[in-house]
Novice: 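Here you go, one structure.
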Protein chains: 2
Amino acid sequence: MGRVAGQIDLSKTEAILNAAAEVLSARGVSAPMEEIARRANVSKQTIYNHYGSKAELVQALCERRVQEMTAGLESPEAALHPEEALASFGRILLLGLTQMNGAAFLRMAMTSVTVMPEVARAFFEAGPRASRARLAEFLRAETLAGRLFCPDPLEAAEFFGGMVVGSYQTAALLGVERALDEAKIDRIAKEAARRFLRAYAT
Amino acid sequence: MGRVAGQIDLSKTEAILNAAAEVLSARGVSAPMEEIARRANVSKQTIYNHYGSKAELVQALCERRVQEMTAGLESPEAALHPEEALASFGRILLLGLTQMNGAAFLRMAMTSVTVMPEVARAFFEAGPRASRARLAEFLRAETLAGRLFCPDPLEAAEFFGGMVVGSYQTAALLGVERALDEAKIDRIAKEAARRFLRAYAT
DNA sequence: GGAAAGTTGGACTCCGCAGTCCAGCTTACA
DNA sequence: TGTAAGCTGGACTGCGGAGTCCAACTTTCC
């Protein structure tokens, strides 16, 4: 094993986080720590060496996951044609929900509202809110450039996000799986972008 | 008390259901039965007389609640101007989320996916799915009448629903409360309707 | 007044899980 | 080779909640 004498084994930290992601997504926050330990090929005690409590583990997991889900939203797509930029944005949103149990993970975050509100809130800020803000910024720039007319860019961004993600998200959160392959995702994102542009044309 | 000899007391059934709605919304599905009993001024045993288990109670609650939340969507608003009809539809969706802990209730339904999937699924079918289908039907009729052009009415309905509800729903589910008075609801619904019509104009 | 069914509250069983403890083991460095 | 730290696994404590049981009380009908 690539670990140093008496030093915490970072590869185990990874394994624990991965196992937690799988188990907690599938079984919800109430899944027992023991199962996470088993999945990570690690003893329960080791988990408590790395993360002081279940809450801390969930917190760390949320932080990592929200980064994965919003990765790609940072790239400056302003160079693209607005329609393509919007479609790309929509694709990323949907992929975040589809890939790697994204929806199940979101459900887990919601579940934790009653028991650990700060975690859920942080997730919201770093995830949905940040992504909408990012889109709003883009819309504002496009408006200034005269290619679009969004008097209220944040509202427009929320509308667009809702269009793209809305129906799939609600269904998935309620446990109704719709197969959504890349082709369909592409179609939805493109169509939403097209309609959105019509709605907000100059 | 208005109850018959040895017959189950229907007014208690009501009280239990109301108490369950409050407690389960506030504290999540994991809230103890004892608390529901206390809130309903009823003994725990009585709850088990009326509903055989916690799952059955939650089920009954979901069934009642979904009716409350979708009430008003049945009225034939086709007579209205499309923009007003859409705005009205949007208002009802938002009110369902805002009034009486609607969002918290939705969260509860989602939370119960892992432990009682059938309940969540039934909720989805009777709630979000039915309402979108209803709207799609309206859009199809308007398209046939030449006042709108929605080649894919169901997709359009989902887009509209997402626009109206999307941002508020995600935030609320993650425990971030935005004050949303009737005036704001009205504004959002109207604006969404207006934009939607532009996107789907003939 | 008695029978039938419901209600009460409180005690009680059973279960599952978070988190702790410990004894024995492994690893790496000095 | 000693020692300092981490890891293992399994036993253990403590807690909280679902669902049951029961003896005493209430209500209505016959």
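Numbers restart at 1 for each chain; the letters A, B, ... are given by sequence-line order, proteins then strands.
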Novice: With Ala157(B), which residues qualify under side-chain contact (heavy atoms from CB on, under 4.5 Å), at least two apart?
Specialist: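 Expected list: Leu135(B), Ala136(B), Leu139(B).
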Novice: For residues 165-174 of chain B, pull every pair meeting side-chain hydrogen bond (donor to acceptor under 3.5 Å, both in side chains), keeping only residues two or more places apart or in separate chains.
Specialist: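 Found Glu158(A)-Ser167(B), Gln169(A)-Thr170(B), Thr170(A)-Gln169(B).
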Novice: Can you tell me which nucleotide in dG9(D), dA18(D), dT8(C) comes closest to the side chain of Tyr48(B)?
Specialist: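 It is dA18(D).
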Novice: Looking at residues at least two apart in the chain, or sitting in another chain, which of them share a side-chain contact (heavy atoms from CB on, under 4.5 Å) with Arg39(B)?
Specialist: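 Arg39(B) satisfies side-chain contact (heavy atoms from CB on, under 4.5 Å) with Ala19(B), Glu22(B), Val23(B) only.
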Novice: With sequence neighbours left out, write down each residue that passes salt bridge (charged side-chain N to carboxylate O under 4.0 Å, His left out) with Arg198(B), or none if nothing qualifies.
Specialist: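 Checked Arg198(B) against salt bridge (charged side-chain N to carboxylate O under 4.0 Å, His left out); zero matches.
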Novice: Please list, chain by chain and in numerical order, all residues satisfying salt bridge (charged side-chain N to carboxylate O under 4.0 Å, His left out) with Lys44(A), sequence neighbours excluded.
Specialist: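 Once residues adjacent in sequence are excluded, Lys44(A) has no partner under the salt bridge (charged side-chain N to carboxylate O under 4.0 Å, His left out) criterion.
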Novice: Counting heavy atoms from C-beta on, name the nucleotide in dT8(C), dA18(D), dG9(D) closest to the side chain of Lys54(B).
Specialist: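 So the side chain of Lys54(B) is nearest to dA18(D).
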Novice: Give a yes/no on whether any side-chain N or O of Thr46(B) is located under 4.0 angstrom from OP1 or OP2 of dT8(C).
Specialist: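 So the side-chain polar atoms of Thr46(B) do come within 4.0 Å of the phosphate oxygens OP1 or OP2 of dT8(C), strictly under.
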Novice: Can you tell me how far P of dG6(D) sits from OH of Tyr51(A), to the nearest Å?
Specialist: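 The answer, rounded to whole Å, is 15 Å.
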Novice: With a 4.0 Å cut-off, would you call Glu118(B) and Arg121(B) a salt bridge?
Specialist: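 No salt bridge links Glu118(B) with Arg121(B).
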Novice: Find the distance His50(B):NE2 to dT8(C):P and express it as a whole number of Å.
Specialist: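 Rounded to the whole Å, the gap is 8 Å.
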Novice: For Ile47(B) and dG19(D), what is the distance between atoms CD1 and C1' respectively, to the nearest whole Å?
Specialist: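 Rounded to whole Å, this separation is 12 Å.
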Novice: Short of 4.0 Å, heavy atom to strand atom, which residues of residues 27-40 of chain B count as contacting DNA chain D?
Specialist: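 Of all residues in residues 27-40 of chain B, the ones placing a heavy atom under 4.0 Å from DNA chain D are Ala31(B), Pro32(B), Met33(B).
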Novice: What residues in residues 105-117 of chain B put a non-hydrogen atom under 4.0 Å from any atom of DNA chain C?
Specialist: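 Nucleic-acid contacts, sorted: none.
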Novice: Rounded off to whole Å, could you give me the CD-to-P distance for the Gln45(B) and dC12(C) pair?
Specialist: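 So the CD-P distance, Gln45(B) to dC12(C), works out to 17 Å.
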Novice: List for me each residue that meets side-chain contact (heavy atoms from CB on, under 4.5 Å) alongside Val42(A), sequence neighbours excluded, and say none if there are none.
Specialist: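 Counting only residues at least two positions away or on another chain, Val42(A) forms a side-chain contact (heavy atoms from CB on, under 4.5 Å) with Lys12(A), Ile16(A), Ala40(A), Thr46(A), Ile47(A).
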Novice: According to salt bridge (charged side-chain N to carboxylate O under 4.0 Å, His left out), who are the partners of Arg27(A), at least two apart in sequence or on a separate chain?
Specialist: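 So Arg27(A) forms a salt bridge (charged side-chain N to carboxylate O under 4.0 Å, His left out) with Glu35(A).
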Novice: Record whether the side chain of Lys12(B) comes under 3.5 Å of the base of dG6(C) through a donor-acceptor pair of N or O atoms.
Specialist: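 Not at all, since no donor on one side and acceptor on the other fall under 3.5 Å apart.
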Novice: Any donor and acceptor pair, going by atom type alone, linking the side chain of Arg107(B) with main-chain N or O of Ala172(B) inside 3.5 Å?
Specialist: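 Indeed, once roles are kept as given, a pair shorter than 3.5 Å links the two residues.
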Novice: Is there, by distance only and without an angle test, a donor paired with an acceptor across the side chain of Lys44(A) and the base of dG19(C) below 3.5 Å?
Specialist: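 Answer yes: a donor N or O sits under 3.5 Å from an acceptor.
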